[in-house]
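What follows is one structure encoded as structure tokens, with my remarks underneath.
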Amino acid sequence: MNCRNGKPKLITSCSQTCHCFVVFPILLLLLMSLPALASGDTSNLKKEEPQTGVKKNKENNHKRKKSRTGRKLESMGEILVKAKRERPLTGSVDFFSKDDIRKTGGGTAADVLAELPSMYLVPNSRGDLNIMVRGFEQKQVSVMIDGLPVYLPYDGGFDLSLVPQGMVDSISVIKGTGPITFGPNSLGGAINIGTIPPGKGPVASARVQGGRLGDISFGGSHSYKVSNFSYSLGFDMSRSNGFPLPQSFSATTNEDGGTRNNSDRKTTDILGAASVSITPEHELFAKVYYIDAQKGVPPLARQGRARYWRFTYWRNLLTFLGHRGVYLGKKLELEELAFFRMNKNLLDSFDDDSYKTQESKKAFHSTYDDWSAGGRIRLNSRLDTGAGPIFFRTWLQASHDMHRERPDRGKPLTTRSRTISTLVGEGKWMPWAWLALTSGIQFDMEDLNHEDISTGIGPLVSAGIKPMDRLNLKFTAARRMRFPTLKERYSSALGKRKPNPNLKPETAWHMGLDLGIRINKWLRLVVSGFDSEVDHIIEDVTTEDGLLQLQNIEKARLAGLEGRLVLIPAKWIEIRAGYCYLYARQLEPVKDKLEYRPKHKARAGLWLEPIKGLRLGTWLDVVSGTYYRNPDSNDFEQLDHMFLVGAKLTLLSTRGARFWVRVSNLLDYEYESSYGFPGPGREFWTGVSLALDK
């Protein structure tokens with residue numbers, strides 16, 4: 001609903017009576033959960049020992065399989081989805097274990113995600129990498145670290161290329177119609193980065209990596225457990241002089257070729273985590289993760305007037321403290337958690353490409369600060385009945401977001417704030433071993449500056465059928481929503497854009513059908529069809545005075561087909577292939593294209609291990625030319641296709657040493673994934689890591 005001057009105005013299609021029927025089931029689920037039996041597992045959700053610290057038996061310790069399809073555990077940070085050893089395949093969930101990440105992943109979390117056919121990485125004008133998930137922009141996806149949202153309240157972004165591989169323990173991706181208990185603003189799904197957990201992994205590890213332009217990164221970690229106390233420490237430092245452009249690149253007004261202008265960066269990551277089991281039923285856990293970066297912003301290579309921007313600093317802090325315990329003779333499992341996150345950045349605009357003086361009218365010294373503080377409560381339970389077990393999850397979270405900005409020295413300070421609350425109830429019934437029925441509902445509310453209140457309701461229904469061991473079918477339908485960011489509502493882009501504080505939330509109805517087939521031990525296939533009907537989608541519209549303004553354009557469709565195949569004909573050969581077809585169109589008020597949604601993306605990879613300890617891998621990415629709107633003519637044009645080849649050689653020793661050589665864009669192919677931002681040419685890295693086991 002919309003509230004102005006204290007008078008509520010409904011913005012959803014539900015009536016007040018409908019609200020009663022929606023809220024009542026949530027309260028009912030909360031009441032039903034209290035007496036339910038907790039067996040350490042609720043609706044197939046198990047808390048990960050590193051974050052929770054609640055002692056589990058050895059059989060339940062997370063031992064991850066190597067395959068991203070059909071694996072035992074699928075992680076969403078603090079949460080691990082627990083299943084039987086032969087977990088059904090699903091196309092709506094992707095999981096990378098630490099071994100998966102080491103196998104082909106590049107230097108950052110963004111490099112790992114780029115391997116998925118449903119992902120498309122788009123650099124923006126501020127030098128950040130934005131990730132498209134089945135056509136949904138990153139601001140429409142809930143991006144989390146260790147299960148907590150980290151996206152900036154101001155613009156909904158978070159540059160995952162600043163999260164180094166050495167800090168990552170796992171990566172999980174929920175697309176479209178996944179579970180609803182991942183918080184607000186998950187219009188198109190969720191991405192979670194699980195960092196180094198306390199008390200797990202080697203006692204000590206060290207790593208160093210170097211690149212062709214003198215780039216270097218190094219880091220290490222320490223993890224230990226003493227009695228009931230576990231902790232982990234980690235750090236990573238990287239220095240890059242910039243990335244090389246392909247040799248075939250022709251110089252432009254703003255880019256002379258060779259090393260990409262103003263693409264250098266420095267980052268420092270520090271991590272600390274701890275957990276202590278007070279009693280066998282109660283545990284405290286905490287984590288702190290800090291990123292400090294300085295980076296250049298490469299100018300648009302094809303634009304006549306270049307921007308000479310640099311982030312003098314970009315800092316992000318995430319910290320949380322929580323408690324988890326079981327009560328009433330293990331009939332109830334409850335988690336309480338408080339969190340705080342902060343992002344501070346200073347963006348400087350200079351007179352020219354020397355990046356030294358700030359005397360012209362276009363120069364500025366702009367500061368942006370974001371804070372979020374909040375907490376959540378999760379309750380998990382299980383009820384065993386004569387008609388099969390019923391799992392319950394209830395979840396409540398609230399966070400207050402604040403953004404402060406000063407566009408230049410001497411300019412007034414502007415402050416914006418909002419509070420977002422989420423209440424979730426979900427139940428899962430398994431009447432037979434081959435059937436699982438799930439239903440749930442999510443209620444989101446945004447209080448904007450104590451003036452406007454918007455609400456959204458997101459139901460979910462799902463049916464999973466496993467008629468035989470090697471076949472799995474799953475149908476899901478769900479409604480999601482996203483509140484507009486503060487930037488979308490209030491930014492004027494230095495007078496080039498008209499603010500629109502009256503933007504409505506985006507909503508989407510998702511329908512998904514997954515088919516997983518395990519033909520035998522060496523062949524697995526997953527096919528997923530999806531259809532997302534998006535209402536009130538926010539896109540740029542040219543107004544009568546020639547300025548751009550973000551408006552709700554009423555309706556769009558993001559639909560397609562995604563498939564993955566894993567073939568292991570021998571123990572030393574593994575073949576993986578993936579493909580995603582995407583139909584992305586604005587439907588109303590006129591039928592038109594949507595920017596940066598490639599129609600086709602395919603990836604194929606071959607990994608060989610002819611002798612123990614020697615691993616060879618190569619992969620190919622093919623992406624069809626995507627449409628973009630030319631900023632000069634405002635017309636839709638099409639980028640060229642992308643054809644990228646990579647390879648990696650890894651040597652493993654029996655004493656924990658690992659040596660690798662990796663090359664990306666082996667053919668030095670010239671491409672753009674975003675207009676005016678040429679991608680890196682051929683890049684080489686070599687590295688070595690050492691690990692001391694307990």
Side-chain angles (χ1 to χ4, degrees), residues 62-73 75 94-117 164-171 194 196 200-202 205-212 215 217-221 236 521-524 564-578 602-621 644-667 682-693:
H62 59 281
K63 298 179 181 179
R64 294 165 182 159
K65 300 295 181 182
K66 292 183 178 180
S67 171
R68 284 198 300 271
T69 56
R71 68 177 57 256
K72 181 181 177 182
L73 295 174
S75 168
D94 288 292
F95 177 79
F96 294 87
S97 69
K98 197 168 189 66
D99 187 64
D100 295 327
I101 296 168
R102 287 173 175 171
K103 194 171 186 178
T104 61
T108 70
D111 296 330
V112 179
L113 290 169
E115 299 176 11
L116 297 175
Q165 176 187 322
M167 289 293 183
V168 179
D169 183 70
S170 64
I171 299 178
I196 303 172
K200 296 292 180 179
S205 69
R207 57 191 176 274
V208 62
Q209 176 177 275
R212 59 175 285 189
D215 299 348
S217 66
F218 58 92
S221 65
D236 190 282
K521 292 183 179 180
W522 52 271
L523 180 59
R524 297 187 296 273
R564 287 177 289 146
L565 179 144
V566 179
L567 176 64
I568 309 176
K571 291 183 178 181
W572 56 279
I573 301 176
E574 182 175 345
I575 300 171
R576 291 176 184 251
R603 181 182 178 89
L606 170 66
W607 287 268
L608 308 173
E609 194 168 352
I611 59 175
K612 187 176 181 180
L614 175 63
R615 180 183 293 170
L616 302 170
T618 183
W619 55 90
L620 166 67
D621 288 304
L644 305 176
V645 179
K648 187 173 184 179
L649 180 147
T650 305
L651 295 175
L652 307 172
S653 79
T654 57
R655 296 189 176 183
R658 178 188 300 262
F659 171 80
W660 68 90
V661 178
R662 185 177 187 271
V663 57
S664 64
N665 197 359
L666 182 62
L667 303 181
R682 186 185 299 114
E683 292 185 280
F684 293 93
W685 292 274
T686 60
V688 62
S689 65
L690 300 172
L692 176 63
D693 291 326

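Excluded from the calculations below are hydrogen atoms, water molecules and symmetry mates; all remaining heavy atoms, backbone and side chain alike, are included.
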Quick one: side-chain hydrogen bond (donor to acceptor under 3.5 Å, both in side chains) partners of [X], sequence neighbours excluded?
| X | answer |
| --- | --- |
| T618 | none |
| W572 | none |
| D621 | R603 |
| T108 | D111 |

Mind checking whether [X] and [Y] have side chains closer than 4.5 Å, heavy atoms only?
| X | Y | result |
| --- | --- | --- |
| K103 | K648 | no |
| I171 | I101 | yes |
| L666 | S664 | no |
| D236 | R207 | yes |
| L620 | L644 | no |
| S170 | F96 | no |
| S653 | F659 | no |

*asked:* Under a 3.5 Å threshold, yes or no: a donor from one side chain and an acceptor from the other, between S205 and S221?
replied: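 A pair is found: one side chain offers a donor N or O, the other an acceptor, under 3.5 Å apart.
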* Asked: If you round to the nearest 0.5 Å, how far is CD1 of I568 from CH2 of W607?
  ->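 Going from CH2 on W607 over to CD1 on I568, the span is 11.0 Å.
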Using the side chain to side chain contact (heavy atoms under 4.5 Å, CB included) criterion, which residues pair with R658? Sequence neighbours excluded.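 Once residues adjacent in sequence are excluded, the partners of R658 under the side chain to side chain contact (heavy atoms under 4.5 Å, CB included) criterion are R102, T650, L652, W660, S689.
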Side chain to side chain contact (heavy atoms under 4.5 Å, CB included) against P117, all qualifying residues, sequence neighbours excluded: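 Counting only residues at least two positions away or on another chain, P117 forms a side chain to side chain contact (heavy atoms under 4.5 Å, CB included) with E562, C580.
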Evaluate side-chain contact (heavy atoms from CB on, under 4.5 Å) for L565 paired with L523, printing each intermediate quantity in order. CA-CA 7 Å; L565 179 144; L523 180 59; 4.1 Å; yes
Residues I573, L567; criterion side-chain contact (heavy atoms from CB on, under 4.5 Å); working and verdict
CA-CA 8 Å; I573 301 176; L567 176 64; over 6 Å; no
* Does the pair D94 and R564 meet the rule for a salt bridge (charged side-chain N to carboxylate O under 4.0 Å, His left out), with working shown? -> CA-CA 11 Å; D94 288 292; R564 287 177 289 146; 3.1 Å; yes
For a quick test of reading the model, state the closest non-hydrogen atom pair linking E609 to K612 and the distance between them.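 The pair with the smallest heavy-atom distance is OE2-CA, 4.2 Å.
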